[in-house]
Protein chains: 2
Amino acid sequence: MSRRSGILEFAVLGLLRESPMHGYELRKRLNTSLGVFRAFSYGTLYPCLKALVAHGWLTEETGGDTAHGAAPAASLAGRRAKIVYRLTAEGKAHFEELLSHSGPDAWEDEHFGVRFAFFGQTSRDVRMRVLEGRRSRLEERLEKMRASLARSRERLDDYTLELQRHGMESVEREVRWLNELIESERAGRDQRAPDAAAPDRNESGETGGLPRHRGGSRPDPSDDTAT
Amino acid sequence: MSRRSGILEFAVLGLLRESPMHGYELRKRLNTSLGVFRAFSYGTLYPCLKALVAHGWLTEETGGDTAHGAAPAASLAGRRAKIVYRLTAEGKAHFEELLSHSGPDAWEDEHFGVRFAFFGQTSRDVRMRVLEGRRSRLEERLEKMRASLARSRERLDDYTLELQRHGMESVEREVRWLNELIESERAGRDQRAPDAAAPDRNESGETGGLPRHRGGSRPDPSDDTAT
DNA sequence: TTCGTCATGTAATGGGTTACATGATTAC
DNA sequence: GTAATCATGTAACCCATTACATGACGAA
């Protein structure tokens, strides 16, 4: 009943939508998908997985093997017996709901970031809703900052002032970014259905109306658990 | 022994250097000084204050009255008996040490922000050290992001890619900001001693070499506990 | 043989929030 | 008289991290 992290839960469901995975792999994928933006440790991940299973959103298969090829039944002795997690139908439904339903803190920095990372799995409607939601939230924040600054400007020293000015500028920049994204979405033609798992990008199928920033380097399947 | 928050501790000491205060007031000042950038709740503040007293960095005076004027001894019945906290000599020394010594996570976002808010109470040397420390930390981060992106670019969809691109851009912007600040510091003439409490800004005494961003509105002594 | 990395997990700890309890004072 | 704000505190969570325990496998 405990151990339900919100964002982690969301991210895990999102990743497992693409394909079943075991914990260790999940964590790696989590940390590359989200980049330096957010990282999770085993101490959170494993208990979270157990909780998700308890909710019926995931099933665990102890014997199976996913991406490695051979070595079928390793029983309890073979290389610490991988536990492969697979999304159930309920889990899928729950993910859809989380994705579109969006609780009250879905607009906060981290929540938004994780959501954004899974935009490829949603419809444009949902994307628009999330982007616009975040934008209006940031605009509120900006308004608060402006008001608070106007109130206390006289009493603050230069450094504090500079800190707040810079903070506001950051938020303004974020709003501009959202505006661009919203524009792109509006201009985009593809209205991807929310059921497109394993989104075959790199093909003709554009995911949305995003500005391309490509430049390819060689693929290199390693992780970044770097301290 | 418990309840020592690091940043909160630092911020509290910094604020109390200017003048003694009671908890309620401290929290307000904390939240206006740091702006929307960071907020603290009583649940953290009060225990922290007790801990700081236990360490000998603060003293508590139960009878006193700070900024209100009259109403001397209200005993235990008068308006819930304010507890005024005052920085001791040891507390002052500890603050100086925290300010210049800078532990390993002093470069992280929040730590840096709080530090920066108290830059007015340090010497330029310390400011430079903190700014440059943060910059090099961010540059490392940037390098990591670049590497990780190069490694996984092929495997990531457009939204994830865009997220990471934007993230990197944010960090780059932060670095540019730091560069400007460092430039300003270098150009600044005032080398304020670390003992200048209640820094009389708004006079000729510039605190550093900061770009001015003034524009004054009327003063309005209210708070922003706004939800 | 020793080191890295695969693989799962737990216990201790950290650092914070929300909600509540309590009650007096001031502003409308 | 009633609502907001002043003022202090505590208890119950929440979410996450670190460090540890355990152990197999592959490469140097």
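In what follows, chains carry the letters A, B, and so on, assigned in the order in which the sequence lines appear, proteins first and then strands, with residues in each chain numbered from 1.
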Review point. Hey, do the aromatic rings of A/F116 and A/W107 have their centres closer than 6.0 Å?
Key: no

Review point. Nearest-Å distance, OH (A/Y46) to P (D/dC20)?
Key: 19 Å

Check your understanding: Has A/Y42 got a side-chain N or O lying under 4.0 Å from the OP1 or OP2 atom of C/dT8?
Key -> no

Check your understanding: Between the side chains of B/R173 and A/S170, is a donor N or O closer than 3.5 angstrom to an acceptor N or O?
Key -> yes

Review point. Between D/dA16, C/dG16, C/dT10, which one does the side chain of A/R38 approach most closely?
Key: D/dA16

**Study point:** Spacing between A/M21 atom CE and C/dA7 atom C1', to the nearest angstrom
**Key:** 15 Å

**Study point:** Euclidean distance, atom CG of residue A/L45 to atom C1' of C/dC6 [Å, nearest integer]
**Key:** 15 Å

Point to revise | A/E169 and A/R165 ion-paired at < 4.0 Å | key: yes

Practice item. Check the pair A/E90, A/H55 against side-chain hydrogen bond (donor to acceptor under 3.5 Å, both in side chains), reporting the backbone distance first and the verdict last. Key: CA-CA 9 Å; A/E90 295 83 30; A/H55 271 271; over 6 Å; no

Study note, to complete from the structure: Among the nucleotides D/dA16, D/dT10, D/dC6, whichever has the atom closest to the side chain of B/P47 is D/dT10

Point to revise | A/E108 CD to C/dT17 C1', straight-line distance once rounded to whole Å | key: 14 Å

Review point. For C/dT18, does either OP1 or OP2 sit under 4.0 Å from a side-chain N or O belonging to B/S41?
Key: no

**Study point:** Nearest-angstrom distance from the residue atom CG of B/L34 to P of C/dG16
**Key:** 12 Å

Check your understanding: C/dT17 P sits how many Å from B/L8 CG, rounded?
Key -> 8 Å

Practice item. Return the value, rounded to whole Å, for the distance between atom NZ of B/K50 and atom C1' of D/dA11. Key: 17 Å

Exercise for review: Measure from NZ on A/K82 to P on D/dA24 and round the result to the nearest Å.
Suggested key: 16 Å

